[in-house]
Structure formats: structure tokens, C-alpha cells
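Following: one structure in C-alpha cells, then a few remarks.
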Amino acid sequence: MILYKNASDISRYLSEKSASGQNIGFVPTMGALHDGHLGLIRHSKLTTHITVCSIFVNPTQFNDPGDFAKYPSTLDNDLYLLEKAGCDLVFLPPVTEIYPDGTTLPASYRLGYLETILEGRYRPGHFQGVCQVIDRLLGIIRPGTLFLGQKDYQQCMVIKKLISLKQYPVSTQIVPTFREDSGLALSSRNLRLSPEQKKAAAGLYRSLQFLKAKVLAGPLRSLLREAEKIVTDAGFSAIDYISLANRDTLEEIGEWDGQIPLVALGAAFMGDVRLIDNLILHP
Ligand code: AMP
């Protein structure tokens, strides 16, 4: 496994590989790697010639400075896991390689409706930061295939929009969410939970499963109330949203016609750790 810190060095190396017909698979991460991340690496290894993983905790996507300061870092273990998983290249840039002109950037991506709802609503500026880092990384790595986790459902849609806005010649593969046996979605932020909190945090997924089991055509408000109660009863201190939305557009749905493809999404705080999850309900 080769480790690069310099953007132009890795770019040069990979453009030679692309020129010789090799498909480059790319897995962007913020480190503190777990089986979910490694699942993306495995998918890339199965379908591409070279797998590149980046580890970069992107300062511009944190709307909460406390969350950025406390973001877990386990670099030695990350490199060990990547090597073991057969990752070919790791890109580990310092902030100046990604943002040579500084991290104060204008909100220049026209994401429209997508950044006004759900995560966009509760984390203002977050998706502009995601686009800034992914735009820069795609420009450096120039992958043929980009691997993303369904765990970050709205982020997948935002990145697809970025790719179409900037006309990057890259395809995306969305990999299903890896979970603990309890149902809790694997997340780097789980490292900040106590064992009791981790157990309780499975309540978020349980509420989404409840929605999947109970959803029927008609008004959804009282069902959503019941789902929120499952989250609160599990021990979450606050809920940002538990929502049902059109799976293709993310438009929130208050009354279901029984036809529109549906996804359930949730975001809630276990102590001061904010967790998100989602589940496809229909079809
Ligand atoms: P992160 O390091 O949290 O920025 O995540 C890097 C990539 O891994 C993103 O595409 C995430 O959606 C994906 N990912 C994170 N957690 C999981 C999970 N539990 N299952 C599958 N993919 C995940």
C-alpha cells in the first residue's frame, strides 16, 4: 500500500494508471475506520483495478466546531485495516493540500431544494463543505468509480448532484449500510458513545423498522409521532427529525398515496453525539 500526502504526486501517479486503461475506484473517508468503510473498500476491490482511500477530516463540512474538535482519529489502526483489506493507495493530505487558498470559501454549489431539507436544514452549510472537499478530491484522484455509503443517504444525492453539475466522468456505487447486531448503523461517531449509550442508540434504527412495518397509504403524522416516541424512550436526548420522504427526490411526505417510493430518515442526539440513519420502506 502506497501512502501519499501530496496532491500533485498522487494525481500524477494515478493519471498514468488511468492512461493505461486501469479503472480507479475511490473511497473518500474521514478516518476512524470501521467495517462500513471496509465494505466500500471491498466493493471497490471487486469491481476496479486500483483502490484509493482518502482520509481527511474536512473542516469545512462541520457546522458545529465542537463536533469537529471531538471527531475521532485512529490513524495507525486505519492504515493497518486498509493494508489488511488490500487497499492500494491511501491519500492523507494536510489541510493546505485540499484548501491551498484557505478554508473560508463561498457557498458556490447550486444544490437547491436538497440543501434546505433534513440534514441541510439542521446543519446549515454542511453540504457546501461536502461539495468543496469531494470536488477537490475528484479533481485530484480522477476516479472511474466513486463508492459511497447509503448510511449518508442525502449526502449520496448531493454528491451525485455535484457530479452532474461539474460533469465529472465518474460513476457512483452506493453500498448498503453496515450495522451492529443490534441494528445500530456503524459510524465513526459511535466511538464517542459509552457501552450503555451504544446499546440505547439502536433505538433509532428500531424506529425506522417500526415505520417500515406499519406504513400504510394515508396521513403519516401519528405514525411519525409513534416512531419519535421509540427514539425518545430509547434514551435519545433530542430529535432533529424522523421523516418519511420520496426516495428519489427526498421531498418530505405527510400523506402517502401508497405508490411513491419511500425512505425513512432520522437524526437524533445520544448525549452530545448526533447520529443519523435511514431505511428504504417502499418498494
Ligand atoms: P465518513 O468517514 O463518515 O465520512 O464515511 C466515509 C464513507 O463511508 C461515506 O461514503 C459513508 O456513507 C460511508 N459509511 C459510513 N458508515 C457506513 C456504514 N455503516 N455502512 C456503509 N457505509 C458507511
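All ligand and atom numbering here is 1-based and tracks the order in the structure.
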Review point. Does H37, backbone or side chain, put an N or O under 3.5 Å from an N or O of ligand 1?
Key: yes

Practice item. Flag the pair R192 and D272 as a salt bridge only when some basic side-chain nitrogen lies within less than 4.0 angstrom of an acidic carboxylate oxygen. Key: yes

Review point. Is S188 close to ligand 1, meaning an N/O of one under 3.5 Å from an N/O of the other?
Key: no

Practice item. Could you label the plane-to-plane angle of the H43 and F147 rings as parallel, tilted or perpendicular, counting under 30° as parallel and over 60° as perpendicular? Key: tilted

Exercise for review: Distance to 0.1 Å, residue and atom name: give those for the protein heavy atom nearest to atom 4 (O) of ligand 1.
Suggested key: M30 CG, 3.6 Å

Practice item. Check whether any N or O atom of F178, backbone or side chain, sits under 3.5 Å from an N or O atom of ligand 1, and answer yes or no. Key: yes

**Study point:** Those atoms of ligand 1 less than 4.0 Å from some heavy atom in D152
**Key:** 11 (C), 12 (O)

Review point. Between L92 and Y4, is any pair of side-chain heavy atoms under 4.5 Å apart?
Key: no

Point to revise | Atom indices of ligand 1, in the order listed, that fall short of 4.0 Å to a heavy atom of L186 | key: 16 (N), 17 (C), 18 (C), 19 (N)

**Study point:** Approximate separation, where rounding is to 0.5 Å, of I260 CD1 and L244 CG
**Key:** 11.5 Å

Check your understanding: Is H34 touching ligand 1 with its side chain, its backbone, both, or neither, if touching means heavy atoms under 4.0 Å apart?
Key -> side chain

Check your understanding: Within a radius of less than 6.0 Å around OH of Y122, do more than 12 heavy atoms belonging to other residues, nucleotides or ligands occur?
Key -> yes

Review point. Which one of V27, L33, L40 has a non-hydrogen atom at the shortest distance from atom 13 (C) of ligand 1?
Key: L40

**Study point:** Check: G149 N/O within less than 3.5 Å of ligand 1 N/O
**Key:** yes

Practice item. Considering the heavy atoms of P28, write down every atom of ligand 1 situated less than 4.0 Å from one of them. Key: 6 (C), 7 (C)

Study note, to complete from the structure: Taking only non-hydrogen atoms of L148 and a 4.0 Å limit, the atoms of ligand 1 in range are 10 (O)

Check your understanding: Is there a ring pair (Phe, Tyr, Trp, His ring centres under 6.0 Å) between F127 and Y109 once you walk through the steps?
Key -> CA-CA 9 Å; F127 286 131; Y109 299 92; over 10 Å; no

